[in-house]
Amino acid sequence: MSVLPEDWAVPAPTAITEAWFTSGTIAVQTCTACGTRQHPPEELCHRCGAMAFTYPALSPRGTVHSYTVAHYAVNRALADCVPYAVVLVSLDDAPQLRVVGNMPGVPIEDIRIGMAVEAVWEERHPDDGVVIRLPQWQPASG
Ligand SMILES: [Zn+2]
């Protein structure tokens with residue numbers, strides 16, 4: 001189950017976004033020089049300017065920091081998807097980082113700021129053969 005249409009455009013991974021979009025983990029860009037974690041991944045470390053990173057898998061658990069509900073389809077392809085929620089999740093292992101996603105299958109009225117969530121991965125198969133794994137969110141189990 002997904003929120004956005006199956007044929008909705010997916011990211012074309014680059015060297016710095018590949019781990020995030022294909023690993024099926026919460027692979028957060030971490031600076032090898034100073035250890036700073038940042039998301040979304042960028043060319044330079046925000047703290048020290050270094051350009052070398054690792055992408056360790058952090059816990060797939062987090063907390064809904066905020067959310068909004070899209071009621072208007074900004075693109076005709078989204079007409080059957082509205083209303084849908086877009087959540088901003090603070091990661092348990094890096095609370096300063098926020099990850100954007102949806103909560104497929106979860107009624108909008110059940111979403112709350114502060115609720116514990118865990119990532120699930122939505123696979124997409126664009127024509128170039130790369131498997132895209134988009135992190136989405138569900139209420140945390142246990
Ligand atoms: Zn750094």
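In this text, all values refer to a predicted model and were calculated from it rather than measured experimentally. We're numbering straight along the sequence, starting at 1. Remember, it's 1-based here, ligands and their atoms both numbered in the order they're listed.
Here salt bridge (Lys or Arg N to Asp or Glu O under 4.0 Å) pairs that include residues 12-22, with residues two or more places apart or in two chains, number zero. The ring pair (Phe, Tyr, Trp, His ring centres under 6.0 Å) analysis of residues 12-32, with sequence neighbours excluded, yields the pairs Trp20-His39. Residue pairs that meet the salt bridge (Lys or Arg N to Asp or Glu O under 4.0 Å) test with at least one member in residues 100-113, sequence neighbours left out, do not exist here.
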- Message: Could you walk me through whether Asn102 and Tyr67 satisfy the side-chain contact (heavy atoms from CB on, under 4.5 Å) test, starting with their C-alpha distance in whole Å, then the side-chain angles of each, then the deciding distance to 0.1 Å, before giving a yes or no?
- Response: CA-CA 9 Å; Asn102 304 117; Tyr67 70 98; over 6 Å; no

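Residues His71 and Val69 are in side-chain contact: their nearest non-hydrogen atoms beyond the backbone lie under 4.5 Å apart.
Protein N/O/S atoms nearer than 2.8 Å to the Zn ion (ligand 1) total 4.
Nearest heavy atom pair, residue Ala79 against residue Val82, reads O-CG2, 3.6 Å.
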